[in-house]
S.K.: 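Supplied in structure tokens, the structure appears directly below.
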Amino acid sequence: MKQQQIGKKEIVMILITIALMITLGIKSTLFDEVRDLPPAEQQFKDFVDYTVARDYDGMMEKAPLKVYRVYKIEMADKKQNAVLRYKDPETGKKVEVVQDGRYNAKVRGYVLGVFPINQFDVTAEIQK
């Protein structure tokens, strides 16, 4: 029985695949989460982080095989006021805030913190 040798094309494809996986890992961990936000957007991000952690608490999240990151925050409607109810991440106290304007956050889920598998939007309740 003759053993097959790995050719140059296969080696190149393996190296390209490894390079792309490393690039995806760097992008997912370093660049996909919003940072250095203005106070109103940071407050909304805290609300989104709390809401996602509360609503998505399955086996993979508890393991933690799956993590969620907010990768974009944008103004959804400047005329509407949003009500944010969450626990402050620093103090652990319940917070209820009415924000001027309503924001929308885009959240992406990652398996093993690197591989994106789903994304969804989160917005706050409108003040009545």
Side-chain angles (χ1 to χ4, degrees):
M1 187 179 277
K2 194 174 185 182
Q3 288 187 348
Q4 290 187 350
Q5 296 285 330
I6 296 178
K8 289 182 181 180
K9 288 183 181 180
E10 288 85 3
I11 292 173
V12 169
M13 293 303 286
I14 290 170
L15 292 175
I16 289 172
T17 302
I18 291 170
L20 289 173
M21 296 292 276
I22 291 170
T23 303
L24 177 63
I26 291 170
K27 180 200 85 66
S28 294
T29 55
L30 297 180
F31 299 115
D32 272 2
E33 188 155 20
V34 292
R35 293 182 176 87
D36 302 325
L37 298 170
E41 289 182 13
Q42 182 61 48
Q43 196 171 43
F44 182 70
K45 183 183 180 300
D46 292 342
F47 161 76
V48 171
D49 289 339
Y50 172 77
T51 303
V52 168
R54 181 193 66 205
D55 293 347
Y56 295 88
D57 64 345
M59 183 180 71
M60 287 184 68
E61 288 83 7
K62 289 178 183 174
L65 298 174
K66 189 173 182 183
V67 296
Y68 295 94
R69 294 190 189 105
V70 177
Y71 69 93
K72 186 175 185 181
I73 295 177
E74 57 193 10
M75 180 62 73
D77 192 345
K78 290 182 180 182
K79 296 176 184 175
Q80 295 177 331
N81 292 336
V83 179
L84 308 179
R85 293 182 185 95
Y86 64 99
K87 285 187 181 176
D88 187 293
E90 294 175 12
T91 63
K93 294 182 181 179
K94 289 186 178 183
V95 177
E96 183 171 328
V97 177
V98 176
Q99 275 191 332
D100 294 333
R102 188 169 59 93
Y103 290 97
N104 184 51
K106 298 196 180 287
V107 180
R108 193 173 285 149
Y110 297 86
V111 171
L112 302 175
V114 176
F115 305 105
I117 59 167
N118 68 330
Q119 62 185 36
F120 52 91
D121 292 358
V122 176
T123 190
E125 178 183 326
I126 299 170
Q127 182 187 28
K128 295 176 180 149

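Computation of the quantities below employed the complete heavy-atom set of this structure, encompassing side-chain atoms and omitting hydrogens, waters and symmetry-equivalent molecules. Residues: numbered from 1 along the sequence shown.
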S.K.: Look up atom CD in Q43 and atom CG in L37, then write down how far apart they are to the nearest 0.5 Å.
M.R.: 12.0 Å
S.K.: With a 4.5 Å heavy-atom cut-off, do Y86 and V48 have their side chains touching?
M.R.: no
S.K.: Can you name the residues that form a ring pair (Phe, Tyr, Trp, His ring centres under 6.0 Å) with F44, not counting sequence neighbours?
M.R.: F47, Y103
S.K.: Does R69 reach the side chain of T29, with side-chain heavy atoms less than 4.5 Å apart?
M.R.: yes
S.K.: Ignoring hydrogens, what is the shortest heavy-atom contact between E90 and D88? Give both atom names and the distance.
M.R.: N-OD1, 2.7 Å
S.K.: Run the side chain to side chain contact (heavy atoms under 4.5 Å, CB included) check on V95 and K87 step by step: do they pass?
M.R.: CA-CA 6 Å; V95 177; K87 285 187 181 176; over 6 Å; no
S.K.: For a 4.5 angstrom cut-off between non-hydrogen side-chain atoms, does R108 reach N118?
M.R.: no
S.K.: Restricting to non-hydrogen atoms, name the atom on A76 and the atom on N104 that form the minimum distance, rounded to 0.1 Å.
M.R.: CB-CB, 4.0 Å
S.K.: Taking the side chain as every heavy atom from C-beta outward, state whether E41 and P38 have any pair of such atoms under 4.5 Å apart.
M.R.: yes
S.K.: Nearest heavy-atom pair of K78 and M75: which atoms, and what distance?
M.R.: CG-CG, 3.6 Å
S.K.: Are V107 and Q119 close enough that some pair of their side-chain heavy atoms sits under 4.5 Å apart?
M.R.: no
S.K.: Take atom CE in M13; do more than 12 heavy atoms of anything else shown fall under 6.0 Å from it?
M.R.: no
S.K.: Measure the CD-CZ distance between E125 and R102 for me, rounded to the nearest 0.5 Å.
M.R.: 11.0 Å
S.K.: Side-chain heavy atoms under 4.5 angstrom apart, residues restricted to Ile, Leu, Val, Met, Phe, Trp, Tyr: same cluster for F115 and I22?
M.R.: no
S.K.: Evaluate the side-chain proximity of L65 to L112: yes if any heavy-atom separation is below 4.5 Å, no if none is.
M.R.: yes
S.K.: I need the K62 NZ to D57 CG distance, nearest 0.5 Å.
M.R.: 5.0 Å
S.K.: Counting only N and O atoms by type, is there a donor-acceptor contact under 3.5 Å from the side chain of Q99 to the main-chain atoms of A40?
M.R.: yes
S.K.: Under a 4.5 Å cut-off applied to non-hydrogen side-chain atoms, are V111 and M60 in contact?
M.R.: yes
S.K.: For residues V114 and Y56: do they belong to one hydrophobic cluster (side chain heavy atoms under 4.5 Å, members Ile, Leu, Val, Met, Phe, Trp, Tyr)?
M.R.: no
S.K.: Taking the side chain as everything from C-beta on, heavy atoms only, tell me whether K45 gets closer than 4.5 Å to I73.
M.R.: yes
S.K.: Do the side chains of F120 and V70 join up, straight or via other hydrophobic residues, at under 4.5 Å, putting them in one cluster?
M.R.: yes
S.K.: Work out which heavy atom in S28 is nearest to a heavy atom in G113; give both atom names and the distance.
M.R.: CB-O, 4.0 Å
S.K.: Closest approach of V98 and V83, non-hydrogen atoms and distance?
M.R.: CG2-CG2, 4.4 Å
S.K.: Please check if atom OH in Y71 has more than 12 non-hydrogen atoms from other residues, nucleotides or ligands closer than 6.0 Å.
M.R.: yes
S.K.: Among K106, E74, K72, exactly one meets side chain to side chain contact (heavy atoms under 4.5 Å, CB included) together with D121. Which residue is that?
M.R.: K106
S.K.: Can you see which heavy atom on L30 is nearest to which on R35, and at what distance?
M.R.: O-NH1, 2.7 Å
S.K.: Less than 6.0 Å separating the ring centroids of Y68 and Y110?
M.R.: no
S.K.: What's in the same ILVMFWY side-chain cluster as I11, cut-off under 4.5 Å, chained through other members?
M.R.: I6, L15
S.K.: When hydrophobic residues are tied together by side-chain contacts of less than 4.5 Å, even through go-betweens, does I26 share a cluster with I18?
M.R.: yes
S.K.: State whether the side chain of Q80 and the backbone N or O of D77 hold a donor-acceptor pair below 3.5 Å, judged by distance alone.
M.R.: no
S.K.: Judged by atom type as modelled, is there a donor-acceptor pair below 3.5 Å linking the side chain of E61 to the main-chain atoms of G58?
M.R.: yes
